[in-house]
Participant: 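Just dropping this structure here.
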Amino acid sequence: MVKYFLGQSVLRSSWDQVFAAFWQRYPNPYSKHVLTEDIVHREVTPDQKLLSRRLLTKTNRMPRWAERLFPANVAHSVYILEDSIVDPQNQTMTTFTWNINHARLMEFGLARFKSNVTKTMKGFEYILAKLQGEAPPKTLVETAKEAKEKAKETALAATEKAKDLASKAATKKQQQQQQFV
């Protein structure tokens, strides 16, 4: 079970864009599970670092055994605290996040945690692309929808072509029968 996880990312964007994207990263198509975000505390230290604390509410499916122990509204909501330290002089940002409900009862496996980290980074890259005026990368859901629509169009075109060929064949057959009569 995961108790601590350290991840480090280098983003290929200007400091100003990364800083702006950090505060605008929700909502995005990769983080639909994030329901709310509220700034609880913000202050600037004497050495010009910005300290902030945010409260995030997320949906998070619990293991089935745990869902039976909690009411539905509790079992499907998770409250996360996020503390961040922004150092504009060194152009670094450090965040710490932790689950504040169910934390003593259970821990989640590394695979689930890495999946959430991946979604977070994809969402962050999505917001950065939007801020830079680029077309954000398509989500898997968007790609699947496009493929489904394209398949429907292809099937419809194939059906029309088959009807057209069948009609031509029927006409040709009818003409041949009339020649023999």
Side-chain angles (χ1 to χ4, degrees), residues 1-2 5 7-38 54 56-68 70 72-80 82 93 95 97 99 102 106 108-181:
M1 296 296 163
V2 176
F5 176 82
Q8 185 172 348
S9 298
V10 176
L11 299 164
R12 308 262 181 245
S13 297
S14 73
W15 166 252
D16 293 339
Q17 288 173 333
V18 171
F19 180 72
F22 178 75
W23 299 108
Q24 299 175 38
R25 69 187 192 271
Y26 303 116
N28 71 67
Y30 296 96
S31 299
K32 292 182 180 180
H33 63 288
V34 178
L35 304 174
T36 64
E37 61 174 326
D38 297 299
R54 297 196 303 175
L56 304 168
T57 307
K58 299 180 177 186
T59 59
N60 206 8
R61 189 174 175 114
M62 292 182 136
R64 284 201 177 110
W65 65 265
E67 286 182 351
R68 287 183 234 134
F70 294 97
N73 64 329
V74 174
H76 297 287
S77 294
V78 176
Y79 299 100
I80 307 290
E82 174 190 86
M93 185 179 314
T95 61
T97 58
N99 178 350
H102 315 312
M106 70 182 79
F108 291 100
L110 186 58
R112 176 179 248 178
F113 190 80
K114 282 186 176 178
S115 169
N116 287 342
V117 170
T118 301
K119 286 179 188 175
T120 298
M121 288 311 297
K122 285 207 166 284
F124 199 65
E125 290 166 0
Y126 176 88
I127 296 299
L128 272 171
K130 279 181 65 175
L131 287 174
Q132 294 167 353
E134 298 172 7
K138 292 180 184 169
T139 65
L140 291 175
V141 171
E142 291 168 336
T143 304
K145 280 183 183 177
E146 284 180 9
K148 186 177 178 182
E149 287 174 24
K150 208 170 232 182
K152 281 182 181 178
E153 288 172 13
T154 303
L156 185 61
T159 302
E160 291 301 316
K161 183 75 172 173
K163 284 180 183 178
D164 184 47
L165 289 172
S167 174
K168 285 179 182 177
T171 303
K172 192 172 185 178
K173 187 176 181 180
Q174 196 175 29
Q175 287 172 352
Q176 286 175 346
Q177 287 175 348
Q178 286 176 353
Q179 283 178 351
F180 292 115
V181 176

Participant: Got a second to check how far Glu37's CD is from Lys58's NZ, nearest 0.5 Å?
Facilitator: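 It comes to 10.5 Å.
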
Participant: To the nearest 0.5 Å, what is the distance between CD (Glu125) and CG (Leu128)?
Facilitator: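 So the gap between those two atoms works out to 7.5 Å.
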
Participant: Nearest 0.5 angstrom please: Ile127 CD1 to Ser13 OG, how far?
Facilitator: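 Going from CD1 on Ile127 over to OG on Ser13, the span is 12.5 Å.
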
Participant: Under the side chain to side chain contact (heavy atoms under 4.5 Å, CB included) rule, what do Lys172 and Lys168 come out as? Steps first, then yes or no, please.
Facilitator: CA-CA 6 Å; Lys172 192 172 185 178; Lys168 285 179 182 177; over 6 Å; no

Participant: Report the distance from atom CH2 of Trp23 to atom CZ of Arg54, rounding to the nearest 0.5 Å.
Facilitator: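 So the CH2 of Trp23 and the CZ of Arg54 are separated by 5.5 Å.
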
Participant: Could you grab the distance from atom OH of Tyr126 to atom CD of Glu134, nearest 0.5 Å is fine?
Facilitator: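 Reported value, rounded in 0.5 Å steps: 13.0 Å.
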
Participant: For Thr59 versus Leu35, what's the shortest heavy-atom pair and its separation?
Facilitator: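 Here Thr59 and Leu35 meet closest at CG2-CD1, 3.6 Å.
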
Participant: Please give me the minimum heavy-atom distance between Leu131 and Gln24, naming the atom from each residue.
Facilitator: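 Heavy-atom minimum between the residues: CD2-OE1, 3.6 Å.
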
Participant: More than 12 non-hydrogen atoms from neighbouring residues, nucleotides or ligands closer than 6.0 Å to CZ on Phe22, yes or no?
Facilitator: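 For Phe22, atom CZ is crowded (more than 12 foreign heavy atoms under 6.0 Å).
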
Participant: Distance from Asn99 atom CG to Leu56 atom CG, nearest 0.5 Å?
Facilitator: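 Reported to 0.5 Å precision, the distance equals 11.5 Å.
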
Participant: Please check this pair: side chain of Thr159 against backbone of Ala155, looking for a donor-acceptor N/O pair closer than 3.5 Å.
Facilitator: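 Looks like yes, one N/O pair under 3.5 Å.
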
